[in-house]
Amino acid sequence: MSCPYEDGNGTSRRRVYSFGQSREAVMIRAGGLVILLILLISVSVSAQATTSPASPPSSSLDVKAAVDAYLAKMPAAQRARSDAYFEGGYWLQLWDFLATVVVMWLMLRLGWSARMRNLAERLVRFRPLQTAIYWIQFLLLVSLLTFPLTVYEGYFREHQYGLLNQTFGPWLRDQVVMLLVGLVLGAILMVPLFGLVRRLGKNWWVWGAAVTIVFSAFVELIAPVYIAPLFNKYTPLEDARIRDPILSLARANGIPATDVYEFDASRQSNRVSANVSGFAGTLRISLNDNLLKRCTLPEIETTMGHEMGHYVLNHLYKGLVMTGVLIVIGFALLNWGVNFGLARWGERWQVRGINDVAVLPLAVLVLSAYFFLLTPVSNTISRNIEYEADMYGLNAAQQPDGEANVDMMLGEYRKLDPGPVEEFIFFDHPSGRTRITAAMRWKAEHPQSANAEEMARPLFTAK
Ligand SMILES: [Zn+2]
């Protein structure tokens, strides 16, 4: 769970894997699992979507009116802009997917993939090293071909909506660092995966999925401590007025943290965010400087309550299990899809078989299609986890009005009031309306928690 109250730098690089078994049996089993998963998810969604309490609330607070009052804090023009930004993102997901399809197809059809493999074979004789060299060429070429789209999405469009603080130089520097991280991590995954295909033959995909899940866990665990600092500077938070209440909240929730860190997210944007990350000796609580600059103590506390919820409720591990199910089904499909493609066009593409690293673009094609179609499922898994953390944060920090204000700030780049189907398909976090409704529902049962200062606090200066 990259969690937080927010996403990182948009680091998600398309993951790549590669794969043999009775096709029909696998497809039927996979289809059954997907249906079961969707059923489970719909049940949990209906549980969370019920906003009207079964019995009347114990205070006279009109929950819906209180929610509307918070939503009205954002000026109409800014709301329209945020909606346009977020809705544009729906289309970008489609363009990103189509760009991947075109690039992968070109690499196969024009023989580039075979040529990169030939070069790797000429350079070295050791097969794992050949895989790594192929991977380096592959990722560089893909990054180059998709660069125009990356620049538009990550740089020009973000500036157009006033969401990026970086000039082109520093932005490009972050992209290059991300590419280097991708080269190293990708090679760490690719080498054992192709090793498995070569040794295990037909049944490689079961172990391949297992290796991929372990790899994801490894990345999740090292990312906050070894990757995040490549993009931002982390320093101990000195301000005792903020640090002490956070450490007190942590102790109250059984979190063994002794330090609170601050990081310079304002280098990239004005988005507010925080996280509780790491494991054993590396456990740390981090707040970004935007949160510290823009938010009041009740707002910081409710945000930290949410983050502590992720930690205490073991969301990292639960997320891995749920994603693990998707990965296993994905690998079964991958094995089938790749064998299907190779039987028809393998010779024309000069791809020798499933154990040939030049098959990678085909593998990426199959998995991209799978994960693209699964967008509502993965978003729903994430959204439910985030909703749980929200409930935890409300109970831990007891600041429903602070919570509503933070939810409004997140509305600067996430549509505040979508339709239910829209929220189901596209939202990886609950919408502003859902979150503020939960906060006001909590407040209706805890009238003494009302905070007039938070309610009256203006959040947006008209732009
Ligand atoms: Zn979260």
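In each ligand, atom 1 is the first atom listed, and ligand 1 is the first ligand listed. Note that the coordinates shown come from a computational prediction; the quantities given were computed from them, not determined experimentally.
- Note on His310: its N/O/S atom closest to the Zn ion (ligand 1) is NE2.
- Within the 2.8 Å limit, His315 places no N, O or S atom next to the Zn ion (ligand 1).
- By the salt bridge (charged side-chain N to carboxylate O under 4.0 Å, His left out) test, Arg243 pairs with no residue at all, sequence neighbours left out.
- Residue side and main chain included, Glu386 places an N/O/S atom under 2.8 Å of the Zn ion (ligand 1).
- At least one side-chain heavy atom of Phe424 sits under 4.5 Å from a side-chain heavy atom of Thr380.
- Scored by the side chain to side chain contact (heavy atoms under 4.5 Å, CB included) test, Pro420 finds no partners at all (sequence neighbours excluded).
- Within the coordination shell of the Zn ion (ligand 1), defined by N, O or S atoms under 2.8 Å, His429 is absent.
- Two residues are said to be in side-chain contact when any heavy atoms from C-beta on lie closer than 4.5 Å; Lys415 and Glu423 fail this criterion.
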